[in-house]
Amino acid sequence: MSGSNGLTTYRGKRHFDRTREPQGGQTSSGASSGDTDTPCFVVQIHDASTLHFDFRLEVDGVLKSWSVPKGPSTDPQDKRLAMPTEDHPLEYREFEGVIPDGEYGAGTVIVWDEGSYRPLPGRKKGRTRTFAEALEQGHASFWLDGSKLHGGYALTRFRGGDGSGKRESWLLVKENDDRAERRGTPDARRARSVRSGRTLKRVAEEEAGEQGNPR
C-alpha cells in the first residue's frame, strides 16, 4: 500500500494537535535537488525510549522506514539490523524537533543526512523489477547521493515477511564500492543535523526554551 492510504497507521498513532510532526498530504518529493523524478532518502537520529537512527526511502509516494539502532555504516563489513516501521509522509524528511511526552515516539529528532537515491537493477524471471517489488520480495539495492552517505547499499530481509506472523527483520549493508570507508557511523549524541547544524541536545534545549518563553 502506498500514497495517502498507506499513512493510516502513521496517523493513527499520533495526535496532530499535540505534535509538530506532519500529518502528510504531499505525493511527490523531488528530493533536495528539486528533481521531481528523483526519489529522496533521509536518515534521522531519534532520541526516543532508545537512541536510534531512522532510515527512510521514498517509494510510491511515502517514506518506507526502518529503525536502525546502530545507524547506517560506510563500512561493508558492518551488517546493521534494520527493523521496519510504519510508512511516513514525504514531509517527514524535513521534520526536526521534539515529539512531546505522552506521544508516540516521544523524544528529539534531527535530520542527520538527506539526499536522493536511485534503485540499482534487479531482475526476476527475466524481467526488471520495480523497486517496490524488490522490497516486497525481500532484497533491494540502491545508490545513495547524500550529504554524508554515498554509494551502493542493500536492504535484505532475513526474518519474517512470509506469512509466519513473525516481526520482519532486515539488514542494511554498504556495498564494497569506491565510496566505502572504514569509519562506520558517528556518535549519535555528538552528530549534527545536515539541515541546521544542531545536535540532539541543542534542539531539545532550544525547544524547551521556546516553551518556557512563549511569544
Side-chain angles (χ1 to χ4, degrees), residues 29 31-33 35 38-59 63-85 88 92-96 107-123 129 131 134-135 137-161 167-204:
S29 85
S32 58
S33 64
D35 182 354
T38 305
C40 71
F41 84 93
V42 65
V43 182
Q44 286 157 310
I45 301 178
H46 189 178
D47 189 10
S49 56
T50 58
L51 181 63
H52 64 278
F53 290 69
D54 287 309
F55 184 79
R56 312 189 197 278
L57 296 171
E58 177 187 354
V59 183
L63 293 174
K64 294 292 183 183
S65 301
W66 292 260
S67 173
V68 184
K70 293 185 177 181
S73 176
T74 59
D75 188 341
Q77 296 184 7
D78 292 335
K79 294 179 173 59
R80 299 303 203 205
L81 177 66
M83 303 298 290
T85 63
H88 283 53
Y92 210 95
R93 71 189 187 277
E94 301 176 355
F95 176 71
E96 194 165 86
T108 308
V109 178
I110 62 171
V111 178
W112 178 69
D113 194 19
E114 63 180 355
S116 63
Y117 81 92
R118 57 182 172 86
L120 296 177
R123 292 187 173 274
R129 301 179 298 176
F131 193 70
L135 285 174
Q137 292 161 8
H139 179 79
S141 298
F142 45 92
W143 186 277
L144 298 181
D145 286 307
S147 296
K148 299 174 182 177
L149 297 178
H150 306 275
Y153 281 81
L155 276 163
T156 303
R157 184 172 58 223
F158 68 92
R159 182 183 299 123
R167 185 180 179 186
E168 287 188 31
S169 300
W170 294 64
L171 291 176
L172 175 64
V173 180
K174 177 75 185 75
E175 301 283 4
N176 192 11
D177 53 33
D178 60 359
R179 306 310 298 268
E181 299 178 354
R182 302 300 178 188
R183 58 185 173 88
T185 306
D187 181 345
R189 295 202 179 276
R190 299 180 63 185
R192 293 185 178 272
S193 162
V194 73
R195 283 186 162 263
S196 65
R198 298 180 297 173
T199 61
L200 289 165
K201 181 180 179 181
R202 180 70 177 273
V203 170

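If you're wondering where the values come from, they're calculated on a predicted model, not measured in any experiment.
Heavy atoms of other residues, nucleotides or ligands lying less than 6.0 angstrom from NZ of K148 number more than 12. Within a 6.0 Å sphere centred on CZ of R202, other residues, nucleotides and ligands contribute 12 heavy atoms or fewer.
Residues S193 and E96 come closest through the heavy atom pair OG-OE2, 2.6 Å. Contact record, W170 with H139: CZ3-N, 4.4 Å, taken as the closest heavy-atom pair. Between L63 and C40, the closest heavy-atom pair is CD2-SG, 4.0 Å. Scanning all heavy atoms of the two residues, the minimum distance from E175 to A180 falls at O-CB, 3.9 Å. The two atoms that bring D113 and G146 nearest to each other are OD1-C, 3.9 Å, heavy atoms only. Heavy atoms only, all atoms of each residue included: G152 and K174 are closest at O-NZ, 3.0 Å.
To the nearest 0.5 Å, atoms CG (L144) and CZ (F55) are separated by 5.0 Å. Between atom CZ of residue R129 and atom CG of residue L135 there is a gap of 9.0 Å, rounded to the nearest 0.5 Å. To the nearest 0.5 Å, atom NZ of residue K70 and atom NZ of residue K79 are 12.5 Å apart. The line from OG of S67 to CZ of R56 is 9.0 Å long, rounded to the nearest 0.5 Å. To the nearest 0.5 Å, atoms CD1 (I110) and CG (L200) are separated by 4.5 Å.
With sequence neighbours excluded, the residues satisfying salt bridge (Lys or Arg N to Asp or Glu O under 4.0 Å) with R182 are D75. Scanning for ring pair (Phe, Tyr, Trp, His ring centres under 6.0 Å) contacts around H46 gives H52, with sequence neighbours left out. Judged as a salt bridge (Lys or Arg N to Asp or Glu O under 4.0 Å), and not counting sequence neighbours, the contacts of R157 are E168.
Residues W143 and R179 meet the side-chain proximity criterion, which asks for heavy atoms closer than 4.5 Å. Side-chain contact check for S196 versus V111: every heavy-atom pair is 4.5 Å or farther apart.
A salt bridge is defined here as a Lys NZ or Arg NE, NH1 or NH2 lying under 4.0 Å from an Asp or Glu carboxylate O, and D47 with K201 fails to meet this definition. No salt bridge links E114 with R93; every basic N to acidic carboxylate O contact stays at or beyond 4.0 Å.
A donor-acceptor contact shorter than 3.5 Å links the side chain of R80 to the backbone of G71. The backbone N or O of A140 sits nowhere less than 3.5 Å from a side-chain atom of Y153 that would complete a donor-acceptor pair.
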Can T199 and R192 be said to form a side chain to side chain contact (heavy atoms under 4.5 Å, CB included), step by step?
CA-CA 5 Å; T199 61; R192 293 185 178 272; 4.0 Å; yes
If you apply the rule side chain to side chain contact (heavy atoms under 4.5 Å, CB included), what do you find for I45 with L51, and how did you get there?
CA-CA 8 Å; I45 301 178; L51 181 63; 3.9 Å; yes
Test side chain to side chain contact (heavy atoms under 4.5 Å, CB included) on D54 and S65; report intermediate values, then the result.
CA-CA 7 Å; D54 287 309; S65 301; 6.0 Å; no
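The aromatic rings of H88 and Y92 sit perpendicular to each other, their planes meeting at more than 60°, with 30° as the lower class boundary.
Aromatic ring centres of Y117 and F131 lie closer together than 6.0 Å.
The side-chain contact (heavy atoms from CB on, under 4.5 Å) test with W66 is passed by exactly one of L155, L81, L172: L155.
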